[in-house]
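Notes for the one structure printed next.
Residue numbers begin at 1 in each chain, while the letters A, B, ... track the order of the sequences. These numbers come from the heavy atoms of this one structure, side chains and all, not from hydrogens, waters or symmetry mates. Quick caveat, the model's predicted, so the values are computed rather than measured.
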There are 2 protein chains.
Amino acid sequence: MPVTMDDVARAAGVALSTVSRALSDNPRVNVATRAQIQKLAREMGYVPSAIARGLATKRTYALGVVVHDIVDPFQAELVRLIDMRALELGYSLLLSHSGDEEQREQQAINILRQQRVDAIIMPDSSVSDSFLSQVASEGMPVVLLNRMSYPYSIEIDNVGAGEMAAIHLLDLGHRRIAYIGGTRTQPENDDRQSGYARALEKRGQSVDPALITLGNGWSDGGRDCMREFLKLAHPPTAVFCYNDLTAFGAIGAIQAAGLRVPQDISVVGFDDIALASILHPPLTSIAQDKEQMAKLAVEMAHALATGKPAAPRTILPGRLVVRASTAACS
Amino acid sequence: MPVTMDDVARAAGVALSTVSRALSDNPRVNVATRAQIQKLAREMGYVPSAIARGLATKRTYALGVVVHDIVDPFQAELVRLIDMRALELGYSLLLSHSGDEEQREQQAINILRQQRVDAIIMPDSSVSDSFLSQVASEGMPVVLLNRMSYPYSIEIDNVGAGEMAAIHLLDLGHRRIAYIGGTRTQPENDDRQSGYARALEKRGQSVDPALITLGNGWSDGGRDCMREFLKLAHPPTAVFCYNDLTAFGAIGAIQAAGLRVPQDISVVGFDDIALASILHPPLTSIAQDKEQMAKLAVEMAHALATGKPAAPRTILPGRLVVRASTAACS
DNA sequence: CTGTTAGCGCTTTCAC
DNA sequence: GTGAAAGCGCTAACAG
């Protein structure tokens, strides 16, 4: 149904290959006929077939992105930025959901393999290295976000960031500081918690296991964990959360219990998503340089896909953004 | 680099076409050799090339999705549900961002045209009908979400939903009810506002233009608009917002001004996104049946792509979810 | 500068 | 039941 190059060639009275060259602005074709063919193609409503081109060139100009859940604002922000940079480089995005299960994650990758994307970008992956290298051996490189131990990855210094958050609270005079984590499968969770623990130890504080718990990376998890903390004989005076969603849930639970943030309990989030600065109280959070992350990820994918030397594994620093959800311990 | 059908055929000592048939479970090939070929293909790590198949069959099993911004939780929830249903039907998703500009939207569609997706699904489109029908004439059907006047579309009854929200507030005794809209380009905005106006008129209330304003569909817009309302000599006692994000911003502004929700001002949102029930106070909102929407959209796209009769244009009802952000007017 | 031709990996008649 | 061969729409040598 759509117009093909052959149609254009016939209409222009030239060979198919000339059209192909003209349309790719090949200088080897006469500038006049080149312009004429381009004009004709436009008039005829010619739309190049990316799949035919892909078959011939072995490049699809499509990038696969596998996310746990696009509803997570942090992942959504990342995907949007990835899309922006990808568009600039001429790539389209194939989005695939993995849930949390490793099996679904493999399935998602397999679909992208079939679609012959030029590279795959995965935030928060938990697939095995062996599977990844098998995929890569087929000429489909994989770039990981937030997963150390993989050569092609970009991540932030989660340990350092976790430490930064805890230090901030310690500096405000807090001594009973809780940590509400994500899920066990989220690899960054351990690092953020380690950073938190390291900060306490540096200040000569012991880490109280009763003040460390596991949420689920979503608001309801934060809410439920906070409710439990509030039942304690000595509830924490400050809480560091795995991410902003968790923090929102925690704040909701605190307020629902009739307490105030930050007067009664201080809260620190992670990711600095857009809502963080707008809800009341504005949330103190650790910002990740998502823009840089997305940019580097796409560029690394691009380099890998074109066989150019890829930048080495990059670790970005986190940045503490102090807002009104934290205050001195009363 | 990847294993091809030809490789498998050679290894199995049969013709290429037999492999093709065996792999698609064609009953015309001997059940024993069929199983053997499938086993061999698996062992050899064969991954079918979707683009080669697409070229041959003229179906890519890819669906294009054009969103304004995936960071919008409502759109993200929709996309996730679309992906779930699409996966069940064997489709992959190509995601493309449109920003708000119609030009970018056309560009996004053009990329999907090149990729030869089987159909396009667009929430909140503002492209012209003529462009859409041109795309459709190439055998690439388009399904619209939340845009009336297009034959292949699914939407909720925005007028009715807007009326429902306003009635709820009127029933609580409110008389000064404001409306914070989205942007002008969001087509649902007008309908929601009409519903709001209709409710007031039905109850013999006049619509006060000073209480109607335009946000931007994001939290900061809601915050800024609410700040303006609070400067009024007689601020509203209740606010109906275009969507939940706008409502969150409005609530933030109210609380930042030292007032309380709902004791001083009631707030109603729209979309009932996940966060709505978790933040404090839990938000009264109009829920859309996103699951049904996504399901119908994918099925309509599928039907259109396969030339089967598509279900007629569907209008789903909205549903008022009353939570703690609304209360009787004091 | 332009035309001819051989694939890219797969599906699908058409023969046998 | 299986094989041979044409073709999907394009790119990229290879000739001229």
Side-chain angles (χ1 to χ4, degrees), chain A residues 1-38 40-41 44-62 90 113-118 138-140 306, chain B residues 1-38 40-41 44-62 90 113-118 138-140 306:
Chain A
M1 196 96 228
V3 180
T4 73
M5 263 191 183
D6 203 57
D7 297 333
V8 179
R10 207 185 319 276
V14 298
L16 174 64
S17 51
T18 303
V19 176
S20 173
R21 292 193 193 96
L23 258 29
S24 58
D25 254 326
N26 189 322
R28 275 177 41 194
V29 50
N30 183 299
V31 62
T33 52
R34 208 195 306 172
Q36 189 195 328
I37 291 175
Q38 291 177 350
L40 189 59
M44 294 177 69
Y46 171 73
V47 178
S49 165
I51 58 174
R53 173 183 297 154
L55 232 207
T57 61
K58 295 172 158 303
R59 293 201 54 203
T60 55
Y61 283 97
R113 283 214 279 179
Q114 297 188 191
Q115 299 285 350
R116 296 292 191 269
V117 295
D118 291 341
E138 292 166 2
M140 190 174 295
T306 53
Chain B
M1 197 94 228
V3 180
T4 73
M5 265 192 184
D6 204 57
D7 298 332
V8 180
R10 207 183 319 278
V14 297
L16 173 64
S17 49
T18 303
V19 175
S20 174
R21 292 192 192 99
L23 258 28
S24 59
D25 254 326
N26 190 322
R28 274 177 44 194
V29 48
N30 185 300
V31 62
T33 52
R34 208 196 303 172
Q36 188 197 329
I37 291 175
Q38 291 175 351
L40 188 60
M44 295 177 69
Y46 170 73
V47 179
S49 165
I51 59 175
R53 173 184 295 154
L55 232 206
T57 61
K58 295 171 157 302
R59 294 201 54 202
T60 55
Y61 283 96
R113 284 216 276 180
Q114 296 187 188
Q115 298 284 353
R116 296 292 192 268
V117 296
D118 291 340
E138 291 166 3
M140 191 174 294
T306 52

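Atom-to-atom, CZ of A:Arg10 to C1' of C:dG3 comes out at 15 Å; the value is rounded to the nearest Å. Nucleotide C:dA6 holds its P atom 18 Å from the CG atom of A:Leu55, rounded to whole Å. For the pair B:Ile51 CD1 and D:dT11 P, the interatomic distance rounds to 13 Å; values are reported in whole Å. Separating the CD atom of A:Gln114 from the P atom of C:dT11 is a distance of 11 Å, rounded to the nearest angstrom. Atom CE in A:Met5 sits about 8 Å away from atom C1' in D:dT11, given to the nearest Å. When the P atom of D:dG9 is taken as reference, atom CZ of B:Arg53 falls 18 Å away, rounded to whole Å. Rounded to whole angstrom, the span from the CG atom of A:Asn26 across to the C1' atom of D:dC10 amounts to 15 Å. The distance between atom CD1 of A:Ile37 and atom P of C:dT2, rounded to the nearest whole Å, is 8 Å.
Annotation: side chain of A:Arg116 is not in contact with side chain of A:Leu55 (no heavy-atom distance under 4.5 Å). Using a 4.5 Å heavy-atom cutoff, the side chains of B:Leu23 and B:Tyr46 are in contact. Within the 4.5 Å cutoff, the side chain of B:Val8 has no heavy atoms near those of the B:Met5 side chain.
Of the possible polar contacts, none joining the B:Arg21 side chain to the B:Asn26 backbone as a donor-acceptor pair under 3.5 Å is found. With A:Ser20 contributing its side chain and A:Leu16 its backbone, the two residues share no donor-acceptor pair below 3.5 Å. Distance alone, capped at 3.5 Å, is enough to place a donor-acceptor pair between the B:Gln38 side chain and the B:Ala22 backbone.
The shortest distance between the side-chain N/O atoms of B:Thr33 and the OP1/OP2 oxygens of D:dT2 is below 4.0 Å. For D:dC10, one of the phosphate oxygens OP1 or OP2 lies less than 4.0 angstrom from a side-chain nitrogen or oxygen of A:Tyr46. The side chain of B:Lys58 places an N or O atom within less than 4.0 Å of a non-bridging phosphate oxygen (OP1 or OP2) of D:dG9. B:Arg28 has no side-chain polar atom (N or O) that falls below the 4.0 Å cut-off from OP1 or OP2 of D:dG1.
Axis angle, first five pairs versus last five pairs of the helix from C:dC1-D:dG16 to C:dC16-D:dG1: 40°, rounded to 10°.
If you check residues 11-24 of chain A against DNA chain C, the residues with a heavy atom closer than 4.0 Å are A:Val14, A:Ala15, A:Ser17, A:Thr18, A:Arg21, listed by number.
When distances run from any side-chain atom of A:Thr57 to the nucleotides D:dA12, C:dC10, D:dG9, the shortest one goes to D:dA12.
For B:Ala56 and B:Arg34, each mapped to the nucleotide of DNA chain D holding its nearest heavy atom, the one lying further toward the 5' end belongs to B:Arg34.
Residue A:Tyr61 qualifies as open at atom OH: its count of foreign heavy atoms under 6.0 Å is 12 or below.
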Handout entry: Trace of the side chain to side chain contact (heavy atoms under 4.5 Å, CB included) decision for B:Ile37 with B:Val14
Key = CA-CA 9 Å; B:Ile37 291 175; B:Val14 297; 4.0 Å; yes

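Heavy-atom minimum distance, B:Arg113 versus B:Met140: CA-CE, 3.7 Å.
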